[in-house]
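Remarks on the structure that follows.
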Amino acid sequence: MISAKALLTISLGLFLATIMTPAQQPPATSGSVHEVQVTAKKYQFTPDPIQVKKGERVRLFITAVDHDHGFQLDEFHIKEKIKKGQTATVEILADHAGTFPFHCSTFCGLGHHGMKGTLVVEE
């Protein structure tokens with residue numbers, strides 16, 4: 001037997017699916033995700049550049065090896081702090097093509113200002 005709460009949830013979902021146009025509906029969650037392991041250490045991100053395809057959902061696993069680091073990608077409104085020895089997960093929908101710079105946003109030493117990388121979203 002189905003509970004009243006479950007029935008209400010199903011009914012609401014069906015109702016929204018019928019009144020929302022395809023452009024309004026949220027993106028499907030069943031697609032694959034392009035996962036990339038990124039290392040942040042001694043004033044560099046590896047790999048660099050990070051290359052993905054337009055339309056991909058991208059999940060970056062960024063590990064700070066030697067100090068606390070940051071990951072700031074302005075084009076996609078991302079700013080993440082990563083503690084030394086930990087991994088942060090950053091998700092991006094690469095919905096437009098181009099070359100987008102990112103940088104370390106947490107002071108990490110003398111070479112901090114040179115700690116930069118590039119996300120390349122190809123058509």
Applying side chain to side chain contact (heavy atoms under 4.5 Å, CB included), name anything that partners [X], two or more places apart in sequence or on another chain.
X	answer
E75	H96, F100
P101	none
H113	none
Q86	K83

Query raised in the report: How would you list all residue pairs meeting side chain to side chain donor-acceptor pair (under 3.5 Å) that involve residues 102-111, not counting sequence neighbours?
Result: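 Applying side chain to side chain donor-acceptor pair (under 3.5 Å) to every pair that reaches into residues 102-111, excluding sequence neighbours, yields nothing.
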Partners meeting side chain to side chain donor-acceptor pair (under 3.5 Å) with [X] (sequence neighbours left out):
X	answer
D68	none
D74	Q72
T99	none

Report task. Output every pair passing salt bridge (Lys or Arg N to Asp or Glu O under 4.0 Å) with a member in residues 85-98, not counting sequence neighbours, ordered by first then second residue. Result ->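 Counting only pairs at least two positions apart or across chains, the salt bridge (Lys or Arg N to Asp or Glu O under 4.0 Å) contacts touching residues 85-98 are R59-E91.
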Query raised in the report: Which residue pairs satisfy the salt bridge (Lys or Arg N to Asp or Glu O under 4.0 Å) criterion with at least one member in residues 99-111, sequence neighbours excluded?
Result: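 Not a single pair qualifies under salt bridge (Lys or Arg N to Asp or Glu O under 4.0 Å).
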**Report entry** F61: ring pair (Phe, Tyr, Trp, His ring centres under 6.0 Å) partners, not counting sequence neighbours
**Finding:** none
Just list the side-chain donor-acceptor pairs under 3.5 Å for residues 114-123, sequence neighbours left out, or say none.
| unit_1 | atom_1 | unit_2 | atom_2 | d |
| --- | --- | --- | --- | --- |
| E122 | OE1 | K53 | NZ | 3.2 |

Query raised in the report: V58 and A94: which non-hydrogen atoms are nearest, and at how many Å?
Result: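 In this case the closest contact between V58 and A94 is CG2-CB, 4.4 Å.
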